[in-house]
Amino acid sequence: MSSPRLRKVVFPVAGLGTRFLPATKVVAKEMLPVLDRPLIQYAVDEAVDAGADTLVFVTNRYKHAIADYFDKAYELESKLAEAGKTELLAMVQGTLPPHVRCVFVTQPEARGLGHAVLCARPVVGDEPFGVILPDDLIWNEGPGALRQMSELSQRENGAGIIAVEEVPHDQTDKYGIVDATALSERAAKINLVVEKPKPDVAPSNLAIVGRYVLPARIFGLLESTQPGAGGEIQLTDAIEALLAERSVLAYRFAGTRFDCGNKLGLVKATLHMALQDPQIAAATREFVGGL
Ligand code: G1P
């Protein structure tokens, strides 16, 4: 029996974005541009590439911009149409394909990533789903990271899949860290996961990156997950509980991750995208070479 295809993807976007203050006083961090597209657009494109038709944004009362961005912009669209600016019009209308719908749920209090994912339960219901943390921008020339993971999950009878990559040993306390036994070049069976361990007690340097394919069972486990690292309800702790019931795989995705939750990562992602853009690649290379 083949497992169901991934239809729903959750985007936890209720964070305050304090690393980008003062800009994030008024601009949601997910709306910060990487070249000409906001961070959230890269995440949404990856979800759509994975086959999703329902995007669930877990947001807070200050983040109207994300809903506005994916909404129809009547005035702008009619002005561009009247002026015959068809390319720009296509760009404005192309933020979301017509078959995809957005659902917004609020996370009333900032109680952690696990709690944010639990807020999406009424929309996700009883089917497997994806989670994308838009801060982690993953660029790949071929299929996106979530699509790679969804395909692996389908081959593995609906197993949970967590994206991982190696990080420097002294940075384990910024990530969920897994201990896993290799199954193939990219996939490994997770033995344990721990949220933000100090380097001296970390089981490895294999870190969770912001992409997950999870069974609906995770919601029940999240309900009984107690606050963990940082006093927050951690998704990692619910995944650790899931491991007692079924196998979950760690997956080394094909692609390059940019941690756009900090300034250097956002700069690197922007330069990378500039170098992919035929109109400005050469000038960007020249500028960077001259620094
Ligand atoms: C979250 C997760 C962590 C994961 C990280 C990836 O942490 O809790 O397990 O490694 O995302 O970006 P945060 O960055 O929200 O502190």
Side-chain angles (χ1 to χ4, degrees), residues 9-21 24 28-30 32 39-40 43 56-63 66 104-124 129-137 160-165 167 170-179 190 192-245 248 250 257 259-262 265:
V9 174
V10 175
F11 302 85
V13 290
L16 293 177
T18 49
R19 291 203 189 106
F20 291 103
L21 282 170
T24 44
K29 78 172 163 171
E30 295 78 13
L32 294 174
L39 257 181
I40 193 72
V56 189
F57 298 89
V58 181
T59 179
N60 68 32
R61 56 192 302 208
Y62 303 107
K63 295 252 176 118
I66 297 176
F104 294 84
V105 296
T106 48
Q107 183 184 18
E109 284 173 90
R111 291 175 60 199
L113 177 60
H115 179 251
V117 170
L118 186 54
C119 290
R121 184 181 202 173
V123 185
V124 173
F129 64 102
V131 177
I132 293 187
L133 310 186
D135 277 5
D136 281 329
L137 192 166
I161 314 284
I162 316 294
V164 293
E165 80 175 8
V167 297
D170 62 356
Q171 289 183 20
T172 58
D173 56 359
K174 291 190 189 155
Y175 297 94
I177 299 291
V178 313
D179 173 63
I190 300 182
L192 72 96
V193 282
V194 45
E195 181 68 9
K196 304 199 170 86
K198 296 253 179 290
D200 55 335
V201 293
S204 76
N205 66 334
L206 205 51
I208 298 177
V209 164
R211 301 290 184 280
Y212 308 76
V213 173
L214 294 168
R217 171 69 185 131
I218 200 77
F219 293 127
L221 296 167
L222 278 168
E223 270 189 332
S224 52
T225 299
Q226 298 302 308
E232 298 190 329
I233 297 175
Q234 297 292 353
L235 182 57
T236 302
D237 293 342
I239 293 169
E240 173 66 17
L242 186 64
L243 288 175
E245 298 179 4
V248 180
R257 175 184 73 118
D259 179 1
C260 295
N262 68 62

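In this text, all values refer to a predicted model and were calculated from it rather than measured experimentally. Throughout, residue positions are numbered sequentially from 1 according to the sequence presented.
The nearest pair of heavy atoms linking Q107 to A14 is OE1-CB, 3.3 Å. Minimum heavy-atom separation, C119 to V105: O-CG2, 3.8 Å. Pairing each heavy atom of S204 with each of T172, the nearest pair is O-CG2, 3.7 Å. Here the shortest heavy-atom pairing between A207 and V167 reads CB-CG1, 3.6 Å. Nearest heavy atoms, T59 versus F104: CG2-CD2, 4.2 Å. Among all heavy-atom pairs drawn from F219 and V117, the shortest one is CE2-O, 3.4 Å.
Proximity of C260 to L32: side-chain heavy atoms (C-beta onward) are nowhere separated by under 4.5 Å. Side-chain contact between Y212 and I162: present, with at least one pair of heavy atoms (C-beta onward) separated by less than 4.5 Å. For the pair T106 and R61, the minimum side-chain heavy-atom distance is 4.5 Å or more. In this structure the side chain of L214 never reaches within 4.5 angstrom of the side chain of V10, judged on heavy atoms. The closest side-chain heavy-atom distance from D259 to D136 is below 4.5 Å. Looking at heavy atoms from C-beta onward, L222 lies out of side-chain contact with R121 at the 4.5 angstrom threshold. Proximity of K29 to L39: side-chain heavy atoms (C-beta onward) are nowhere separated by under 4.5 Å.
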Between L113 and E232, does a side-chain contact (heavy atoms from CB on, under 4.5 Å) hold up when you go through it step by step? CA-CA 8 Å; L113 177 60; E232 298 190 329; over 6 Å; no
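Put simply, CG on L16 and OG1 on T24 are 8.0 Å apart, with the number rounded to the nearest 0.5 Å. The line from CD of Q234 to CD of E240 is 13.0 Å long, rounded to the nearest 0.5 Å. To the nearest 0.5 Å, the span separating CG on L235 from CD1 on I233 amounts to 11.5 Å. Distance check: I177 CD1 to E195 CD gives 9.0 Å after rounding to the nearest 0.5 Å. We find the NZ-CZ distance between K63 and F57 to be 11.5 Å, quoted to the nearest 0.5 Å. To the nearest 0.5 Å, atoms OG1 (T225) and CD1 (I218) are separated by 7.5 Å.
When each of V178, I161, L242 is paired with I190, the side chain to side chain contact (heavy atoms under 4.5 Å, CB included) condition holds for V178 and for no other.
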